[in-house]
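All residue numbers in this chain count up from 1 along the given sequence.
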Amino acid sequence: RALINALEERGYLNFRYEVALTQTAADTFLAGAGNCLSYTNLFVALTRELGLRARYQRVDVPPTWDIDSDLLIRSNHINVVIPHVRTTTGHAFVMDFNYVEPEM
């Protein structure tokens, strides 16, 4: 939780969510933009640097489909789980980066 608080206080979680922008952790940090995999890469890198055993976790939701020229693209959602860090309810800590449409 301290990592998340520190990132929020310094404005590092105010990045732009771009569905089609998959990048490395470093590129996501520098660009201030990315999709769920990009932000997950960044968070995994940061938590591992702190010595936490973060890992990738595919989220069990229906995939999305898109067409680009003559390619059919299937996208899944991914997040981070840190099994040995527990929430107040006793569950493993999960960090999920997902775009939510602003309410009008």
Checklist line | Atom CD of E18 with >12 non-hydrogen neighbours under 6.0 angstrom | finding: yes
Next item on the list: Report yes or no: does Q23 contribute a side-chain atom to a donor-acceptor pair with the main-chain N or O of N35 at less than 3.5 Å?
Entry: no
Checklist line | Least distance between heavy atoms, T47 atom then V44 atom | finding: OG1-O, 3.1 Å
Notebook entry, point to check: So does R53 have more than 12 non-hydrogen atoms from other groups sitting under 6.0 Å from CZ?
Noted result: no
Notebook entry, point to check: For S38 and F97, what are the C-alpha separation, side-chain angles and deciding distance, and is it a side-chain contact (heavy atoms from CB on, under 4.5 Å)?
Noted result: CA-CA 9 Å; S38 300; F97 299 95; over 6 Å; no
Item checked: Linked, directly or transitively: V85 and L46 (ILVMFWY side chains, under 4.5 Å) -> yes
Note to self: Please tell me whether D60 and H77 have a donor and an acceptor in their side chains that are separated by less than 3.5 angstrom.
What the structure shows: no
Notebook entry, point to check: So which heavy atom on I78 is nearest to which on T40, and how close?
Noted result: O-OG1, 3.6 Å
Next item on the list: Please test I67 against I73 for side-chain contact (heavy atoms from CB on, under 4.5 Å), starting from the C-alpha separation and ending with a verdict.
Entry: CA-CA 6 Å; I67 295 177; I73 301 168; over 6 Å; no
Next item on the list: Find the distance between CD1 (I82) and CZ (F43) and round it off to the nearest 0.5 Å.
Entry: 5.0 Å
Item checked: Closest contact, heavy atoms only, V81 versus V94 -> CG2-CG2, 4.0 Å
Checklist line | Partners meeting side chain to side chain contact (heavy atoms under 4.5 Å, CB included) with R74 (sequence neighbours left out) | finding: P63, W65, N76
Item checked: Where V80 and A54 come nearest, the two heavy atoms and their spacing -> CG1-CB, 3.8 Å
Notebook entry, point to check: So which heavy atom on R55 is nearest to which on P83, and how close?
Noted result: NE-CG, 3.8 Å
Next item on the list: Report whether F29 and Y39 are members of the same hydrophobic cluster (ILVMFWY, side-chain heavy atoms less than 4.5 Å apart, transitive linking).
Entry: yes
Next item on the list: Determine, using the 4.5 Å side-chain heavy-atom cutoff (strictly less than), whether V19 and L72 are members of one ILVMFWY cluster.
Entry: no
Checklist line | Y17 side chain vs C36 backbone, donor-acceptor pair below 3.5 Å | finding: yes
Checklist line | Side-chain donor-acceptor pair present, Y56, N79, cut-off under 3.5 Å | finding: no
Next item on the list: With rounding to the nearest 0.5 Å, note down the distance linking CG in L21 to OG1 in T28.
Entry: 7.0 Å
Notebook entry, point to check: Looking only at heavy atoms, what is the nearest atom pair of N41 and A25, with distance?
Noted result: O-CB, 3.6 Å
